K.L.:
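Dropping a structure here in structure tokens format, bear with me for questions.
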2 protein chains.
Amino acid sequence: MKVFNFSAGPSMLPVEVMERAKKEFTNYKNSGCGIIELSHRGSEFTEVIERAEKNVRELMDIPQDYSVCFMQGGASLQFAMIPMSFLPKDSFAEYAETGHWAEAAIKQGKFFGEVKIVASSKNTNYDRIPEIRHWHPSEDAAYLHITSNNTIYGTQYHSFPEGAAPLVADMSSDIMSRIVDTGKFSLIYAGAQKNLGPSGVTLVVIKNSFAAKAAEKVPAMLKYSTYIEKKSLYNTPPTFGIYMLALVTDWMKEKGGLPAIEKINDTKSEALYEILDASSFYKCPVEPASRSKMNVVFRLPSVDLEEKFVKLAKAEGFIGLKGHRSVGGIRASIYNAMTLEGVEKLIDFMNEFESKNN
Amino acid sequence: MKVFNFSAGPSMLPVEVMERAKKEFTNYKNSGCGIIELSHRGSEFTEVIERAEKNVRELMDIPQDYSVCFMQGGASLQFAMIPMSFLPKDSFAEYAETGHWAEAAIKQGKFFGEVKIVASSKNTNYDRIPEIRHWHPSEDAAYLHITSNNTIYGTQYHSFPEGAAPLVADMSSDIMSRIVDTGKFSLIYAGAQKNLGPSGVTLVVIKNSFAAKAAEKVPAMLKYSTYIEKKSLYNTPPTFGIYMLALVTDWMKEKGGLPAIEKINDTKSEALYEILDASSFYKCPVEPASRSKMNVVFRLPSVDLEEKFVKLAKAEGFIGLKGHRSVGGIRASIYNAMTLEGVEKLIDFMNEFESKNN
């Protein structure tokens with residue numbers, strides 16, 4: 001049976017990428033070894049990491065005065081590394097509170113210094129991104145931190161705050177899913193396991209002039225300059241993960257880059273929201289202007305029906321649809337690798353389920 | 001051409017493991033997805049991480065009052081995490097200085113507090129492990145840190161200091177290559193990329209009563225208790241790396257566990273040292289009592305001959321033999337996955353090379 005994987009992350013990778021990685025798994029470019037077995041300082045991996053960086057630069061149209069780094073520890077380690085480097089004792093940082101991971105970032109920020117909440121949708125159960133025109137960010141904050149897509153609550157920024165302090169964004173769950181003006185951010189970071197590859201690699205895109213403002217007294221492995229200066233090769237990087245990221249970004253370029261990917265992501269998410277809006281059986285709890293194109297969350301008339309839905313869906317090959325344990329309901333994560341076919345098949349299933357259970 | 005990979009790390013993995021991972025790469029246990037694409041909270045990965053821990057516990061015969069954790073960032077991040085948690089301002093830690101990575105650990109230790117060098121072989125160019133009976137470790141040190149195998153210099157501890165402060169060991173390059181009494185250590189850590197799997201996973205084995213002594217004011221991702229309490233699932237772990245580690249430790253168990261593995265490692269390294277000692281062409285710069293069974297380093301009569309050796313060896317399928325750039329010479333890394341056949345073939349090549357170039 002063909003399986004459609006709607007997991008929130010680690011999530012499905014493009015079929016072509018998986019096939020290619022499988023094909024060369026034990027014999028990479030006729031080296032007689034898998035890339036997973038080769039030295040991070042050898043010619044094969046050097047080509048891989050350089051290509052990965054080049055692909056990221058091209059796809060995100062990254063200005064020359066930015067560095068691209070591959071780190072470990074996921075977004076959660078960035079939550080600590082950012083304030084450790086960029087939140088001086090005599091300053092403060094501003095954070096937008098838009099969900100579970102934003103809260104986690106705030107908690108780590110507070111661990112290191114003063115944090116101000118510039119905007120929050122906690123009171124409405126994180127059903128939206130607070131309207132940016134009502135924010136009053138300080139120009140003298142050390143930085144302004146946002147979470148561009150909130151995986152659990154299914155919300156996403158469709159524009160970004162401008163003109164205030166250096167903008168720092170956790171883009172773990174929507175990186176390279178759409179065109180974003182990288183030049184407006186001082187630091188973008190993302191765990192790879194949703195749109196870019198396997199878990200265990202963190203992509204960091206950082207403006208060099210911002211990196212230069214970092215505190216000096218930071219341990220080597222937690223210092224952005226270590227990765228910038230050593231081209232992410234200060235110590236052994238997660239080579240296989242970076243290789244997979246290179247393959248995924250190759251695939252994105254073949255697909256036509258972010259303009260083409262954004263278009264198909266629009267089509268996929270619109271198709272899903274259309275059925276949610278047309279139905280009285282399915283309900284999307286997210287305020288329309290804040291809806292995520294990556295994680296489409298919805299409810300059914302009862303928890304029992306939701307359980308039945310998840311179970312039956314799984315039996316028919318649609319996996320990973322259970323909402324996050326903290327909020328319940330259903331969540332269809334439709335990252336770049338999810339095909340339009342997969343979304344259409346899910347919609348067929350939803351229609352059938354509704355007609356049988358309404 | 002069959003290739004024998006003597007790379008110091010990332011290094012070769014057992015052929016059986018590579019074949020199995022390839023076979024199920026796109027369809028893990030008939031799930032329709034690769035394990036790399038599945039949620040870290042799903043039933044498939046839960047079984048994997050639990051099996052990985054169980055295998056590690058069995059193989060290393062780990063006492064019940066120890067925790068087994070899977071982290072990221074390699075040994076280099078441990079260099080900082082250890083003093084961050086275990087080196088209070090009013091105390092000191094002792095480190096044995098036995099090579100490049102020991103130096104790196106010392107440097108990070110000094111970043112956080114007072115470090116004393118309990119023993120050093122720096123004066124003899126790290127050609128040995130300082131004789132333990134001449135050490136005078138303090139019982140009241142916060143901990144005593146050693147590097148059990150020095151990859152670059154080809155040295156290895158064949159016994160360990162006892163009865164002093166809590167013993168902490170970087171075992172990155174000889175973990176599970178031999179029987180070690182885990183109960184004598186308070187903390188053992190190892191990057192996986194030599195004996196355990198791919199880069200991007202760090203194995204940590206920690207005594208719970210030692211973990212309990214950690215400083216409280218440490219960021220979540222850098223705190224050992226976070227990994228202990230959340231069973232390494234506080235955030236998304238490097239799932240594919242942990243899966244590979246589970247396969248490698250399965251393989252080790254099938255081979256007969258550490259007694260059998262140690263025996264074959266003895267045979268492999270003895271065969272190599274035998275030809276080095278019998279030859280006037282090849283020379284091992286390491287003091288005999290400190291020789292590593294994992295990284296066998298040697299010199300040829302000239303740098304030109306060494307270059308010729310590496311080049312010709314590569315042409316005949318022996319890769320990764322070039323010594324570390326900081327010391328030059330030749331290094332044959334013969335971790336668990338290297339077969340006796342590979343070592344024998346290398347010896348044949350060495351004999352032939354000697355007879356043609358002497």
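Because the structure is a prediction, the values reported are computed rather than measured.
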K.L.:
Check whether A:Phe112 gets within reach of chain B through its side chain, its backbone, both or neither, counting any heavy atom under 4.5 Å.
P.N.:
side chain
K.L.:
What residue, out of B:Phe4, B:Phe45, B:Phe79, B:Phe111, has the most heavy-atom pairs lying under 4.5 Å from chain A?
P.N.:
B:Phe111
K.L.:
Give the member of A:Gly191, A:Pro219, A:Ala75, A:Ser39 that has the highest number of heavy-atom pairs under 4.5 Å with chain B.
P.N.:
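Of the candidates given, the most pairs with chain B belong to A:Pro219.
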K.L.:
Drop me the distance from A:Met81's CE to B:Leu222's CG, to the nearest 0.5 angstrom.
P.N.:
9.5 Å
K.L.:
What residues of residues 13-35 of chain A sit under 4.5 Å from chain B when only non-hydrogen atoms are counted?
P.N.:
A:Leu13, A:Met18, A:Glu19, A:Ala21, A:Lys22, A:Lys23, A:Phe25, A:Thr26, A:Ser31, A:Gly32, A:Cys33, A:Gly34
K.L.:
Among B:Ser76, B:Ala337, B:Pro237, who wins on heavy-atom pairs under 4.5 Å with chain A?
P.N.:
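Answer, by heavy-atom pair count under 4.5 Å with chain A: B:Ser76.
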K.L.:
B:Ala220 versus chain A, heavy atoms under 4.5 Å apart: side chain, backbone, both or neither?
P.N.:
both
K.L.:
Roughly how far, to the nearest 0.5 Å, is OG1 of B:Thr202 from CD of A:Gln72?
P.N.:
6.5 Å
K.L.:
To the nearest 0.5 Å, tell me how far A:Ser199 OG sits from B:Glu37 CD.
P.N.:
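These two atoms lie 12.0 Å from each other.
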K.L.:
Given A:Arg325 and B:Arg41, is the side-chain contact (heavy atoms from CB on, under 4.5 Å) satisfied, shown in steps?
P.N.:
CA-CA 11 Å; A:Arg325 60 196 186 287; B:Arg41 309 228 180 253; 3.6 Å; yes
K.L.:
Contact part of A:Met71 toward chain B, heavy-atom cut-off under 4.5 Å: side chain, backbone, both or neither?
P.N.:
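No part of A:Met71 comes within 4.5 Å of chain B.
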K.L.:
Between B:Ser7 and chain A, with a heavy-atom cut-off of 4.5 Å, which part of the residue counts as in contact: side chain, backbone, both or neither?
P.N.:
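Contact with chain A: side chain only.
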K.L.:
Flag the one option from A:Gly42, A:Gly200, A:Gly73 with the top tally of heavy-atom pairs under 4.5 Å to chain B.
P.N.:
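Greatest number of close heavy-atom pairs with chain B: A:Gly73.
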K.L.:
Measure the shortest side-chain to side-chain distance between B:Thr236 and A:Pro10 over non-hydrogen atoms and say whether it is less than 4.5 angstrom.
P.N.:
yes
K.L.:
So how far is it from A:Leu77 CG to B:Asn235 CG, rounded to the nearest 0.5 Å?
P.N.:
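That separation rounds to 8.5 Å.
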K.L.:
So how far is it from A:Met244 CE to B:Phe240 CZ, rounded to the nearest 0.5 Å?
P.N.:
8.0 Å
K.L.:
Where does A:Met1 contact chain B at under 4.5 Å (heavy atoms): side chain, backbone, both or neither?
P.N.:
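Contact with chain B: none, neither part.
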